[in-house]
Amino acid sequence: QVQLVESGGGLVQAGGSLRLSCAASGRTVNSYFMAWFRQAPGKEREFVASITWSSGRTYYADFLKGRGAISRDNAKNMVYLQMNSLKPEDTAVYYCAARKSSVLVTTPPLYNYWGQGTQVTVST
């Protein structure tokens, strides 16, 4: 069993930055593939970024490339999502997710565990 708890969301003006955190716990959490997703009102949940615990290999959705980064702290079992140059269209609930595999996938149903989400609101 893996537990995920997100934090760091909030209200920020357009052009600002936020760093989201995901605290992961569970006996074998370090063997999981970690990712961030987001879901805006009335829209489907979409992939944002992913990272592997072991190598730190990352993958990003096109909309985040160049203005954000995913990282992890293996010692603390933490995963982070730094987002810069935020836009109003980034407003969404952001979720941390874990998948028991080392294969990159971007489809939400293929992830085994989810956090409760943290709200990010970007104002104009």
_Could you tell me if Arg99 sits above the aromatic ring of Tyr32, with its cationic atom closer than 6.0 Å to the ring centre and no more than 45 degrees from the axis?_
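Because its charged atom misses either the 6.0 Å distance or the 45° angle limit, Arg99 does not stack over Tyr32.
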
Would you say the side-chain atoms of [X] pair up with the backbone N or O of [Y], donor to acceptor, closer than 3.5 Å?
{"X": "Thr118", "Y": "Glu6", "result": "no"}
{"X": "Ser55", "Y": "Arg57", "result": "yes"}
{"X": "Thr91", "Y": "Val122", "result": "yes"}

Over all heavy atoms of both residues, which pair between [X] and [Y] is shortest? Give the atoms and the distance, please.
{"X": "Leu4", "Y": "Ala98", "answer": "CD1-N, 3.7 Å"}
{"X": "Val105", "Y": "Tyr111", "answer": "O-OH, 2.7 Å"}
{"X": "Pro108", "Y": "Thr106", "answer": "CD-O, 3.5 Å"}

*Applying ring-ring contact (aromatic ring centres under 6.0 Å, His included), which residue pairs with at least one partner in residues 56-89 are found, sequence neighbours left out?*
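For residues 56-89: Phe47-Tyr59.
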
Enumerate, atom names and distances included, each donor-acceptor pair closer than 3.5 Å involving a side-chain atom of residues 7-17, sequence neighbours excluded.
{"unit_1": "Ser17", "atom_1": "OG", "unit_2": "Asn84", "atom_2": "OD1", "d": "3.0"}

*Do the charged groups of Asp90 and Lys87 touch, with an N to O distance under 4.0 Å?*
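No, Asp90 and Lys87 are not salt-bridged.
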
I want to check something: taking the side chain as every heavy atom from C-beta on, are [X] and [Y] in contact at a cut-off of under 4.5 Å?
{"X": "Met78", "Y": "Arg72", "answer": "no"}
{"X": "Val48", "Y": "Tyr95", "answer": "no"}
{"X": "Trp53", "Y": "Asn74", "answer": "yes"}

Measuring from [X]:[atom1] to [Y]:[atom2], what's the distance to the nearest 0.5 Å?
{"X": "Trp114", "Y": "Cys22", "atom1": "CH2", "atom2": "SG", "result": "11.0 Å"}
{"X": "Leu64", "Y": "Ser85", "atom1": "CG", "atom2": "OG", "result": "10.5 Å"}
{"X": "Met34", "Y": "Thr52", "atom1": "CE", "atom2": "OG1", "result": "11.5 Å"}
{"X": "Gln119", "Y": "Arg38", "atom1": "CD", "atom2": "CZ", "result": "12.0 Å"}
{"X": "Gln3", "Y": "Gln1", "atom1": "CD", "atom2": "CD", "result": "5.5 Å"}
{"X": "Ser50", "Y": "Leu104", "atom1": "OG", "atom2": "CG", "result": "4.5 Å"}

*Transitively linked via ILVMFWY side-chain contacts under 4.5 Å: Phe33 with Ile70?*
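No, separate clusters.
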
*When clusters are formed by joining ILVMFWY residues with side-chain heavy atoms under 4.5 Å apart, either directly or through shared neighbours, do Phe37 and Val79 land in the same one?*
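Result: no, two separate clusters.
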
*asked:* For Glu89, I'd like to know if atom CD has over 12 heavy atoms of other residues, nucleotides or ligands within 6.0 Å.
replied: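 Yes, the 6.0 Å shell around CD holds more than 12 heavy atoms from other groups.
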
*More than 12 heavy atoms of other residues, nucleotides or ligands under 6.0 Å from NZ of Lys65: is that the case?*
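Buried by this count: over 12 neighbours within 6.0 Å.
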
